[in-house]
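Reviewing the structure listed below.
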Amino acid sequence: DLIINLPILKLDSKLGVKGALENSLKFLKRESYLSLQYLFSLEEIIEKLQEVFPSYLTLAEANTIQRSDGFTAFLGLILASFNPFNLDRVFAEICQINLPDWLKKIKIEEVPIVGRKVEEVQYNVEKF
């Protein structure tokens, strides 16, 4: 069996990136998430979930991204990975945003990327 996670990638003022990892929380029942949230930070919950989940494929849509000022940028991208941490890290690198602490530990140089290079598709979403 194959589990497929289908997030729409977004930028968030608190998390920096909302997408592959945040979408995986939807595997939990609401009651389970709320009880975990009482004991752990969002980052801790996400990290622990990845340890207990079976391997799953994330196909993330990054076609249009809304900036903090409401402007919509057209990126025209679909990203895929069996590692949602890597996917969110690559998305943050493409959008050239400041990394949240939980993504800083992932070195972009260590993420296997095939096809186009990150530099070829980079777009600074905060600058017009």
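One is the number of the first residue; the rest follow in order along the sequence.
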Contact list for residues 52-63, test side-chain hydrogen bond (donor to acceptor under 3.5 Å, both in side chains), sequence neighbours left out: N5-T58, Q50-Y56
I want to check something: taking the side chain as every heavy atom from C-beta on, are F85 and I46 in contact at a cut-off of under 4.5 Å? yes
Flag side-chain contact, heavy atom, 4.5 Å: L9 against L77: no
When you group the ILVMFWY residues by side-chain heavy-atom contacts below 4.5 Å and let the links chain together, are F74 and I78 in the same group? no
Hydrophobic cluster of I8, others only, ordered by chain and residue number, side-chain cut-off 4.5 Å: none
Just how far is it from atom CD of E43 to atom CG of L103, taken to the nearest 0.5 Å? 9.5 Å
D88 and A20: which non-hydrogen atoms are nearest, and at how many Å? OD1-N, 3.0 Å
Ignoring hydrogens and geometry, is there a side-chain-to-backbone donor-acceptor pair from Q37 to L42 under 3.5 Å? no
Report yes if some heavy atom in the side chain of I106 is under 4.5 Å from a heavy atom in the side chain of L99; otherwise report no. no
From I45 CD1 over to L28 CG, what is the distance, rounded to the nearest 0.5 angstrom? 8.0 Å
Output the rest of the hydrophobic cluster of F82: all Ile, Leu, Val, Met, Phe, Trp and Tyr residues reachable through side-chain heavy-atom contacts under 4.5 Å, sorted by chain and number. L2, I4, L6, L57, L59
Kindly compute the distance separating CD1 (I113) from CG (L79), expressed to the nearest 0.5 Å. 9.5 Å
Working to the nearest 0.5 Å, report the span between CG of L36 and CD of E31. 11.5 Å
With a 4.5 Å heavy-atom cut-off, do F27 and I3 have their side chains touching? yes
If I take atom CD from residue E44 and atom CG from residue L49, how far apart are they, to the nearest 0.5 angstrom? 12.0 Å
For S81, does its backbone N or O pair with a side-chain atom of N86 as donor and acceptor, under 3.5 Å? no
Counting C-beta onward and ignoring hydrogens, is there a side-chain heavy-atom pair between V111 and L87 closer than 4.5 Å? no
Grab the two heavy atoms, one from E93 and one from Q122, that are nearest each other, plus how far apart they are. O-NE2, 3.0 Å
Side chain proximity check, F91 to L75, heavy atoms < 4.5 angstrom: yes
